[in-house]
Amino acid sequence: MKNIIMAIGTMSLISIMLLVSCNKNEKETARLNVRLMDNPGQYDNVFVDVQGIQIHSNAGGWHSPSNFNAGIYDLLEFNNGMDTLLCTLDLPAGKVSQIRLILGSNNSVVVDGNTSPLETPSAQQSGLKLNLHQDLQANESYTIWLDFDAAKSVVYTGNSSFILKPTIRAFSDLTDGKLKGVVEPMSTQPVVYAIQGTDTLSAIPNNDGSFMFCGLGGMYDVVVTPTDTTYQTEYINGVQVTYGAINDLGVITLQP
């Protein structure tokens, strides 16, 4: 009888250990939100057919979310801090190293009211790989943005023909410094540039003159260029942007 009791006790202890182990493993995940935004271009619309996404982690390889919001997105709706949710998924805690964005073939651009197809090479449809080195801690929630640069991605080839050569950068809420301001007067049709070394980002202000850059970090030179050449270009050099903070340049008034 004593041996039976000891055996039952041992089995119970093993069951408890297995249960604790299973509960622990179930908790070793992180929530990841993937959102789409745009670095704009001088077009009426840029429609991109986004069909899927895969995310690679060092714990489990490639992961494909079941709740991906596939569809045709007008990139120009998501500038100056605006974005849209593509998917939410739980990943094993660990490091995310790559993202593969899958595009369809139904892409187009609208210029001066005229719609033209965007030819998309099949290799790009099968998956655009983006490098992203992000550590995911268990039981934490993270956001990753895919910033689609419309100006660099749409290439004019002549005879009213365009091709799509996607230029996308990925950043997370841990590397998301913001730079914003307001340009006056908007009648000058200004474009704002944030320049760091050989990397240049652009923003087209909203109707109220407001603009915002996201995913910045470090020192930038800001250039505000009016389309109206009767006004001067404004230069603001040495603007520091810190991760997790917003640098507000205030009102930038262009001078005749």
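Under a 3.5 Å cut-off, the side chain of Asn58 and the backbone N or O of Gly94 do not form any donor-acceptor pair. Of the possible donor and acceptor atoms, none in the side chain of Arg100 sits under 3.5 Å from a partner among the backbone N and O of Trp62. Under the 3.5 Å distance criterion, the side-chain polar atoms of Tyr220 are matched with a main-chain donor or acceptor of Gly217. Side-chain N or O atoms of Asn247 include none that pairs as donor or acceptor with a backbone N or O of Thr242 at under 3.5 Å. A donor-acceptor contact shorter than 3.5 Å links the side chain of Asp228 to the backbone of Thr230. Side chain of Asp173 to backbone of Thr143: a donor-acceptor contact under 3.5 angstrom is found. Not one N or O on the side chain of Gln54 forms a donor-acceptor pair closer than 3.5 Å with the backbone of Gln98. Checked by atom type and distance alone, the side chain of Asp221 never pairs as donor or acceptor with a backbone atom of Ala194 at under 3.5 Å. Judged by distance alone, with hydrogens and angles left aside, the side-chain atoms of Asn79 form no donor-acceptor pair with the main-chain N or O of Ala203 at under 3.5 Å. Side-chain atoms of Asp44 come within 3.5 Å of backbone N or O of Gly113 as a donor-acceptor pair.
Heavy-atom neighbours of Lys178 NZ from other residues, nucleotides or ligands within 6.0 Å: above the threshold of 12. Heavy atoms of other residues, nucleotides or ligands lying less than 6.0 angstrom from CE of Met219 number more than 12. Within 6.0 Å of the CD atom in Glu140, the count of heavy atoms belonging to other residues, nucleotides or ligands exceeds 12.
Gly81 and Cys214 get closest at one heavy-atom pair: CA-SG, 3.9 Å. Smallest separation of non-hydrogen atoms from Gly177 and Val241: C-CG1, 3.7 Å. Nearest heavy atoms, Ser57 versus His63: OG-NE2, 3.2 Å. In this structure, Tyr142 and Gln137 approach most closely via the heavy-atom pair OH-N, 2.8 Å. The two residues Phe211 and Val182 make their nearest non-hydrogen contact at CE2-N, 3.8 Å. Residue Leu101 comes nearest to Gly52 through the heavy atom pair CD1-O, 3.6 Å, listed as atom of the first residue, atom of the second, then distance.
Side-chain N/O atoms of Trp145 and Asp176 include no donor and acceptor closer than 3.5 Å.
Hydrophobic clustering keeps Phe47 apart from Phe148 (ILVMFWY residues linked when any side-chain heavy atoms are closer than 4.5 Å, directly or through intermediates). Cluster membership check: Leu216 shares its hydrophobic cluster with Leu249, using side-chain heavy-atom separations under 4.5 Å among Ile, Leu, Val, Met, Phe, Trp and Tyr. A continuous path of hydrophobic side-chain contacts links Ile168 to Val46 [ILVMFWY only; heavy atoms under 4.5 Å]. Cluster annotation: Leu76 and Leu201 are assigned to distinct hydrophobic clusters (Ile/Leu/Val/Met/Phe/Trp/Tyr, side-chain heavy-atom contacts under 4.5 Å, transitive). Residues Leu174 and Val96 share a hydrophobic cluster, clusters being chains of Ile/Leu/Val/Met/Phe/Trp/Tyr side chains in contact below 4.5 Å.
From Thr175, atom OG1 reaches atom CD of Gln134 across 6.5 Å, with rounding to the nearest 0.5 Å. Interatomic distance, Asp74 CG to Tyr43 OH, rounded to the nearest 0.5 Å: 13.0 Å. Note that CG of Asp208 is 8.0 Å distant from CE of Met186, once rounded to the nearest 0.5 Å. Atom CG of Asn107 and atom CZ of Phe162 lie 13.5 Å apart (nearest 0.5 Å). For the atom pair Ile72 CD1 and Ser108 OG, the distance stands at 7.0 Å (nearest 0.5 Å). Rounded to the nearest 0.5 Å, atoms SG (Cys87) and CD1 (Ile144) are 9.5 Å apart.
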**Request:** Could you please spell out the steps behind the side chain to side chain contact (heavy atoms under 4.5 Å, CB included) verdict for Val154 and Tyr156?
**Result:** CA-CA 7 Å; Val154 178; Tyr156 181 64; over 6 Å; no
**Stepwise side chain to side chain contact (heavy atoms under 4.5 Å, CB included) test for Val34 and Ile99** = CA-CA 10 Å; Val34 182; Ile99 296 175; 5.6 Å; no
**Request:** Test side chain to side chain contact (heavy atoms under 4.5 Å, CB included) on Glu119 and Thr157 and set out the steps.
**Result:** CA-CA 10 Å; Glu119 180 183 346; Thr157 60; over 6 Å; no
**Item:** side chain to side chain contact (heavy atoms under 4.5 Å, CB included) assessment of Thr29 paired with Arg31
**Value:** CA-CA 7 Å; Thr29 61; Arg31 175 64 55 87; over 6 Å; no
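Between Leu36 and Leu75 the shortest side-chain heavy-atom distance falls below 4.5 Å. The shortest side-chain heavy-atom distance between Pro205 and Val192 falls under the 4.5 Å cut-off. The shortest distance between side-chain heavy atoms of Ser116 and Val111 does not fall below 4.5 Å. Contact check for Phe68 versus Leu86: side-chain heavy atoms found under the 4.5 Å cut-off. Between Asp149 and Arg169 the shortest side-chain heavy-atom distance does not fall below 4.5 Å. At a threshold of 4.5 Å between non-hydrogen side-chain atoms, the residues Tyr73 and Phe78 count as touching. Thr88 places a side-chain heavy atom less than 4.5 Å from the side chain of Asn67. Inter-residue side-chain proximity for Asp49 and Leu103 is flagged as unmet; no heavy-atom pair is nearer than 4.5 Å.
Each of Asp90, Leu32, Leu89 was scored for a side chain to side chain contact (heavy atoms under 4.5 Å, CB included) with Pro65, with one residue passing: Leu89.
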